[in-house]
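Everything numeric here is computed off the predicted structure, so don't read it as measured data. The basis for the numbers below is simple: all heavy atoms, side chains too, and nothing from hydrogens, waters or symmetry mates.
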Amino acid sequence: MILLFAESVNQSEYVVSWFDISLAALATSHHHVGAHLKCIRPTEDIFNPEDPKIREDIIRMIVQYLSDEGYTASKMTVHDEANVKWHEREERVIEVKRLKKAILDGDWAEVEKLSANPLVKNQKSFLYAVYKQQYLEYIEYQETQKAFTFLNRRLKPLELYQTTPNEFKDLCYLLTAKAVHDAPSFKSWEGIGPAREKLVEQFQNMLNFENTDKDGSVYVPPNRLLTLLRQAVAYQIEFSRYHPRVAPRVNTLLQDYTSFVIPNAVRATLVGHHGNVKCVEFIGEEGREIVSGSSDNTLRIWDTESSKEIGILEGHESRIWDVSSNKNGSLVSSASGDGSIKLWDMKTSKHSCIASFSESSSDVYSVKFHPGDNHIVTGGYDKIIRLYDVSAGRLVKTFTGHQLSVSKTIFNPLGNLIVSGSKDNTIKFWDIVSGLCIRTISSHLGEVTSVAMNSSGTLLLSSSKDNSNRLWDVRMVRPIRRLKGHQNTSKNFIRSCFVNNSLIAGGSEDGIVYIWDQDTGEVLQKLRGHTGMVYNAVWNQKQSLFVSCSDDKTLKTWWYDENIPLEL
């Protein structure tokens with residue numbers, strides 16, 4: 001809690017007010033180190049997940065973790081589904097322990113019974129060693145008659161497994177000797193106890209040698225899965241743009257670690273467009289490049305680190321309303337006022353158009369890639385929502401129900417729902433399989449200009465021309481809070497988005513980028529720098545970077561400068 005003093009509008013004295021700005025305090029605990037351009041990226045070619053050896057290693061680590069945490073039933077289920085004879089292995093482990101104990105206790109009746117199992121039955125050298133130990137103990141206890149019978153019945157058939165040429169001959173000699181040490185082959189015999197321990201050690205060595213590769217009993221270092229997870233998180237921390245001054249405590253593994261910052265300064269201004277810049281997106285989850293769409297009918301590609309323009313995508317005949325990128329950054333899709341959606345190949349430097357879908361002669365306002373990257377959803381002036389199969393290059397399904405233009409279309413994180421915002425003041429949820437509208441929100445008093453969902457799909461963020469951004473609980477379909485302070489009333493698409501699951505950012509007609517605390521609804525920061533209205537500001541976790549697009553024909557990237565105070 002930080003004490004703030006604010007001057008009252010109606011009084012000359014200062015009024016003390018308290019509120020929690022721990023998010024701001026967290027942001028100031030980092031210092032900028034920039035991108036590590038030469039680090040090894042965790043790309044798919046590091047190892048092949050389809051390699052049987054890799055797959056087995058993953059299963060072994062999962063099984064080890066389940067076993068360590070006491071999830072015995074789950075462990076056995078994984079064993080079974082992995083198509084390995086895990087039950088036999090478990091039984092075998094028990095047999096091994098029993099046999100070791102029986103040898104150490106001198107319980108030769110139990111040893112005899114366990115030796116009949118395949119575990120030992122075919123190991124003739126070890127059987128000979130077991131019988132030899134039992135025979136020597138008969139000699140040690142002066143039980144000559146038992147020794148004689150045992151020699152003929154058990155040891156004689158295994159004579160060829162003797163360890164020295166004269167060993168069996170010396171075993172026979174012991175029948176007339178006073179002690180075991182009288183025979184040359186057993187002068188160094190250490191006695192019953194040490195000999196039993198040595199026999200158990202021989203048994204374990206035999207198991208290690210014979211069965212390591214045959215039954216999957218590969219040594220897994222303790223806590224191997226947790227060790228790898230800690231290494232992965234440490235890698236993410238090391239190669240983030242902002243280093244924490246104090247080692248952070250990570251509380252989730254469902255998302256990559258990103259250094260938390262609240263931008264407070266312009267990092268770079270991206271100049272090149274000849275018309276207002278209506279949309280912007282980081283390309284792929286890595287976000288090493290930025291794509292922007294403009295009223296000059298072009299898309300432009302920018303290098304995130306150098307802030308330089310590295311490509312111009314031409315082909316649309318009217319303004320670009322929206323852009324979207326798939327997760328791996330190989331494709332970009334654009335929606336235009338010429339009624340078309342285009343797909344652009346980002347894998348080559350030419351950035352060529354590889355497909356085009358024509359809907360009608362009316363504007364297409366929105367396009368978004370499905371989480372599975374194989375489909376896109378679009379919406380526009382003709383009120384129809386369309387789902388396209390990208391790989392097949394065809395229209396899959398249409399969704400109708402809005403009374404006016406569709407301003408924004410997105411998927412939920414699971415990819416089974418489409419969420420749309422419209423100029424008819426409503427937000428609709430569509431089931432992809434049935435094509436039916438399953439829910440409608442009609443609480444906004446103005447046109448809905450954007451919708452967005454958090455990473456878990458539990459919260460919905462909407463922007464409207466009623467001068468508000470609203471946060472909704474998706475499961476209960478109820479409003480949580482209203483975010484105010486910005487301006488959104490004119491004929492433009494002012495949009496907002498989630499940031500790091502703790503902040504909300506959005507554009508405004510007053511040329512300011514607003515950042516709100518998601519939990520309190522308070523404005524945490526106002527980013528000033530644009531000279532025209534800001535249509536949108538988006539965030540990339542990997543780059544820990546904001547980029548905004550504006551009516552002033554520029555884009556701006558924003559970062560945290562520790563020498564500049566946060567504007568609260």
Side-chain angles (χ1 to χ4, degrees), residues 279 321-327 331-343 355-444 447-464 470 472-478 493 495 497:
C279 53
W321 285 108
D322 200 13
V323 290
S324 180
S325 166
N326 64 351
K327 286 184 178 180
L331 291 174
V332 162
S333 183
S334 56
S336 171
D338 62 13
S340 72
I341 303 98
K342 293 185 183 296
L343 287 176
S356 183
F357 307 104
S358 295
E359 295 190 352
S360 64
S361 58
S362 58
D363 291 50
V364 185
Y365 293 137
S366 174
V367 62
K368 187 67 177 179
F369 268 94
H370 187 273
D373 286 349
N374 292 323
H375 296 81
I376 57 173
V377 63
T378 68
Y381 183 79
D382 65 3
K383 313 171 195 175
I384 300 174
I385 298 167
R386 292 175 172 86
L387 180 68
Y388 290 93
D389 185 323
V390 173
S391 56
R394 63 184 180 86
L395 177 66
V396 176
K397 191 171 293 186
T398 59
F399 306 79
T400 57
H402 279 297
Q403 301 303 307
L404 293 173
S405 304
V406 177
S407 55
K408 187 65 178 177
T409 51
I410 63 170
F411 294 96
N412 69 332
L414 291 178
N416 62 328
L417 295 177
I418 292 171
V419 185
S420 60
S422 170
K423 289 186 178 182
D424 63 12
N425 300 4
T426 68
I427 300 166
K428 291 183 180 292
F429 293 75
W430 309 83
D431 177 68
I432 289 182
V433 176
S434 67
L436 298 176
C437 176
I438 60 173
R439 188 173 298 166
T440 300
I441 298 176
S442 306
S443 301
H444 275 295
E447 299 176 5
V448 178
T449 57
S450 79
V451 286
M453 268 193 170
N454 66 345
S455 60
S456 63
T458 58
L459 296 177
L460 176 73
L461 174 65
S462 60
S463 300
S464 171
R470 299 194 187 197
W472 308 83
D473 184 319
V474 173
R475 294 163 293 187
M476 303 297 291
V477 198
R478 63 179 180 85
F493 290 139
R495 290 167 172 165
C497 66

Do Ile427 and His444 pass the side-chain contact (heavy atoms from CB on, under 4.5 Å) test, and can you show the C-alpha distance, the side-chain angles, and the key distance before you say yes or no?
-> CA-CA 9 Å; Ile427 300 166; His444 275 295; 4.2 Å; yes
Which atom names give the shortest non-hydrogen contact between [X] and [Y], and what distance separates them?
X: Gly435; Y: Trp430; answer: O-CE3, 4.0 Å
X: Ser443; Y: Trp472; answer: CB-CH2, 3.4 Å
X: His375; Y: Val396; answer: CD2-CG2, 4.2 Å
X: Gly401; Y: Lys428; answer: O-CE, 3.7 Å
X: Ile376; Y: Ser333; answer: CD1-OG, 3.9 Å
X: Val433; Y: Lys397; answer: O-NZ, 2.5 Å

Do any N or O atoms from the side chain of [X] and from the backbone of [Y] form a donor-acceptor pair under 3.5 angstrom?
X: Ser366; Y: Thr378; value: no
X: Asp373; Y: Lys327; value: yes
X: Asp338; Y: Ser340; value: yes
X: Asn412; Y: Gly457; value: no
X: Ser463; Y: Arg495; value: no

May I have the step-by-step check of side-chain contact (heavy atoms from CB on, under 4.5 Å) for Arg475 and Thr458, ending in yes or no?
-> CA-CA 7 Å; Arg475 294 163 293 187; Thr458 58; 3.9 Å; yes
Does the side chain of Thr440 pick up a donor-acceptor pair with the side chain of Thr426 at under 3.5 Å?
->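 No, because no side-chain N or O of Thr440 sits under 3.5 Å from a partner of the opposite role on Thr426.
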Could you give me the CA-CA distance, side-chain angles and deciding distance for Asp322 and Phe493, then say whether side-chain contact (heavy atoms from CB on, under 4.5 Å) is met?
-> CA-CA 10 Å; Asp322 200 13; Phe493 290 139; over 6 Å; no
Nearest 0.5 Å please: distance from the [atom1] atom of [X] over to the [atom2] atom of [Y].
X: Lys342; Y: Ser358; atom1: NZ; atom2: OG; value: 7.0 Å
X: Ile441; Y: Phe429; atom1: CD1; atom2: CZ; value: 4.5 Å
X: Ser422; Y: Tyr365; atom1: OG; atom2: OH; value: 10.5 Å
X: Ile418; Y: Phe399; atom1: CD1; atom2: CZ; value: 4.0 Å
X: Trp321; Y: Cys279; atom1: CH2; atom2: SG; value: 9.5 Å
X: Leu460; Y: Ile410; atom1: CG; atom2: CD1; value: 6.0 Å

Side chains of [X] and [Y] in contact at under 4.5 Å (non-hydrogen atoms):
X: Ile438; Y: Leu417; answer: yes
X: His402; Y: Ile385; answer: yes
X: Leu387; Y: Phe411; answer: yes
X: Ile384; Y: Thr400; answer: yes

Step through the shown structure and confirm whether more than 12 heavy atoms of other residues, nucleotides or ligands are within 6.0 Å of OH on Tyr381.
->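 Incorrect, the count does not exceed 12.
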Evaluate side-chain contact (heavy atoms from CB on, under 4.5 Å) for Lys423 paired with Val448, printing each intermediate quantity in order.
-> CA-CA 6 Å; Lys423 289 186 178 182; Val448 178; over 6 Å; no
